[in-house]
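Notes follow once the structure below has been shown.
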Number of protein chains: 2
Amino acid sequence: MNNSLPTSATPAGTASSRVFDHLRKDLVGGRFVAGEKLAINALKDRYQVGLSPLREALNRLAAYGLLVQENQRGFRVPKLSRDELDDISQMRLEMEGMALERAIANGDSLWEADLLAAAHRLKRADISLDKGEEWEHLHTQFHRTLVAPCGSVWLLRFIEQLHDHFDRYRRLGPKMPTIRQELDEQHHQLVELALQRDAKAARELMDDHIHKSYEVALKRYQDHV
Amino acid sequence: MNNSLPTSATPAGTASSRVFDHLRKDLVGGRFVAGEKLAINALKDRYQVGLSPLREALNRLAAYGLLVQENQRGFRVPKLSRDELDDISQMRLEMEGMALERAIANGDSLWEADLLAAAHRLKRADISLDKGEEWEHLHTQFHRTLVAPCGSVWLLRFIEQLHDHFDRYRRLGPKMPTIRQELDEQHHQLVELALQRDAKAARELMDDHIHKSYEVALKRYQDHV
DNA sequence: GTAGGTTAAAAAATCGATTATCTTGTCTAA
DNA sequence: TTAGACAAGATAATCGATTTTTTAACCTAC
């Protein structure tokens, strides 16, 4: 069972790729302040790589949207804005809703098993001492599994990208255990509705789920400013 | 009045960016064969740049999806497939339809003027001796203008990316003047419906437009294989 | 006091050379 | 004959140094 996760175990080939992955996590996880200009030499030390692989990673991240590149004046972390958060959330509603409906139409029994497994792992990480980073990974994995059999590579790609950018807002502040519990509850309900192949109800719940997440993210953004 | 278009006149800052733009055009325009492995040293000569800026451009293109990067074995041009063409076209239907409806709801009178202008320029380029590359640019510009006031930066970004990838298929073969005329006719009808703010009819026409383009692209793909 | 100009320091971008990895062809042993 | 081992050449990735451009500090003239 090889699902090719770029998790800790992977040697991850080139220095470029390693830095890319690491930087991506750090940017999504809010380890840099929005708007900040990146000091390349500092990054070189921080990630223990030379200039060339570092710059290649930065270029990839810029093309992905997690950095902005200004000709002749390096890279900076994109600013956050209410407008962008609204935009991203709106797009998530459209695209993940679409993907979920298709996934429910296409998903086979292997998908059902994967889904149950992903939900279970997520719950486990939640009950046990929350290691944060681990929960984040399982959470991403759960949502990925949910829409995986939607049949569109491009749709999945866009959703992934939106998630990364959404998380820049969601992960701004400290944990909010109360709301998280509510959202976690929805994860299980989503699995149930998916197994029952109730596309309509599942989509409605997904809409609500995204909307609640949006409210969390918005709160954090407003507190943060 | 600086509208910062990266058109011909712009010196385009860094070598990286210049190569990126150039390579992107060449990849979309079918100047490389799908599946081909890129010989970096050859590219260095072809685009008259050193290794570092070239590699940075390649990394950006890979993140954008116009190249695939295999660790330790360089870059190659992505293969084409019927499945991907179907996927891209389906996504275009969803996303451009959505964008057009929103643009019609939001667009102001400046938009109307821009739209008329873009359509007119496109027609002009079409009547005059078709310089190919020029028509392509105006065509892209027209579709961009059409959906521009949709209000979602992310939606526009995804549409742009889908267009680029769609064009890898559409531009495989030689020109097909008969069908192009039909498609050009639709451009003008789209403008009319947009100005009349008839969202429903406009979306239907857009669906048809994308579907016809899809058929052209599919034909070319099949002839090409 | 401020706009404009000059220059030194800092940072970004690029180059040329080196190192690591893959690929190919050849040889050997079963 | 062929699977595997090995070496040589080709290619990718990375490093260290250089060049170019921006930034910041200072000065001068009005």
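Naming: A, B, ... by sequence-line order, numbering from 1 per chain. All values reported here derive from a predicted model rather than from experimental measurement.
Each of A:K37 and A:S16 lies near DNA chain D, and the nucleotide nearest A:S16 is the one positioned closer to the 5' end.
Remark: C1' of C:dA12 and CZ of A:R73 are 11 Å apart, rounded to the nearest angstrom. Taking atom CD of B:Q72 as the reference point, atom P of C:dT19 lies 17 Å away to the nearest angstrom. Per the geometry, CG belonging to B:N71 stands 10 Å off P belonging to C:dC22, to the nearest Å. In this structure, B:R18 atom CZ and C:dA12 atom C1' are separated by 15 Å, rounded to whole Å.
Side-chain atoms of A:Q90 do not come within 3.5 Å of backbone N or O of A:D87 as any donor-acceptor pair. The main-chain N or O of A:E136 is found under 3.5 Å from a side-chain atom of A:T140 such that the two form a donor-acceptor pair. Between the side chain of B:R76 and the main chain of B:G35, a donor-acceptor pair closer than 3.5 Å is present.
Residue pairs satisfying the salt bridge (Lys or Arg N to Asp or Glu O under 4.0 Å) criterion with at least one member in residues 37-53 of chain A, sequence neighbours excluded, are listed as follows: A:D26-A:R46. Residue pairs meeting the salt bridge (Lys or Arg N to Asp or Glu O under 4.0 Å) criterion with at least one partner in residues 141-155 of chain B, sequence neighbours excluded, are B:R144-B:E160. Pairs engaging residues 38-58 of chain A under the ring-ring contact (aromatic ring centres under 6.0 Å, His included) rule: A:H22-A:Y47 [sequence neighbours left out]. Sorted by first and then second residue, the side-chain hydrogen bond (donor to acceptor under 3.5 Å, both in side chains) pairs involving residues 216-225 of chain B (not counting sequence neighbours) are B:K219-B:D223.
Classification of the B:F20-B:Y64 ring pair by plane angle, with boundaries at 30° and 60°, yields perpendicular.
Taking a heavy-atom distance under 4.0 Å as the criterion, the stretch of DNA chain D touched by chain B extends 5' to 3' from D:dT11 to D:dT14.
Sorted by residue number, the members of residues 39-66 of chain B with any non-hydrogen atom under 4.0 Å from DNA chain D read B:I40, B:L51, B:R55.
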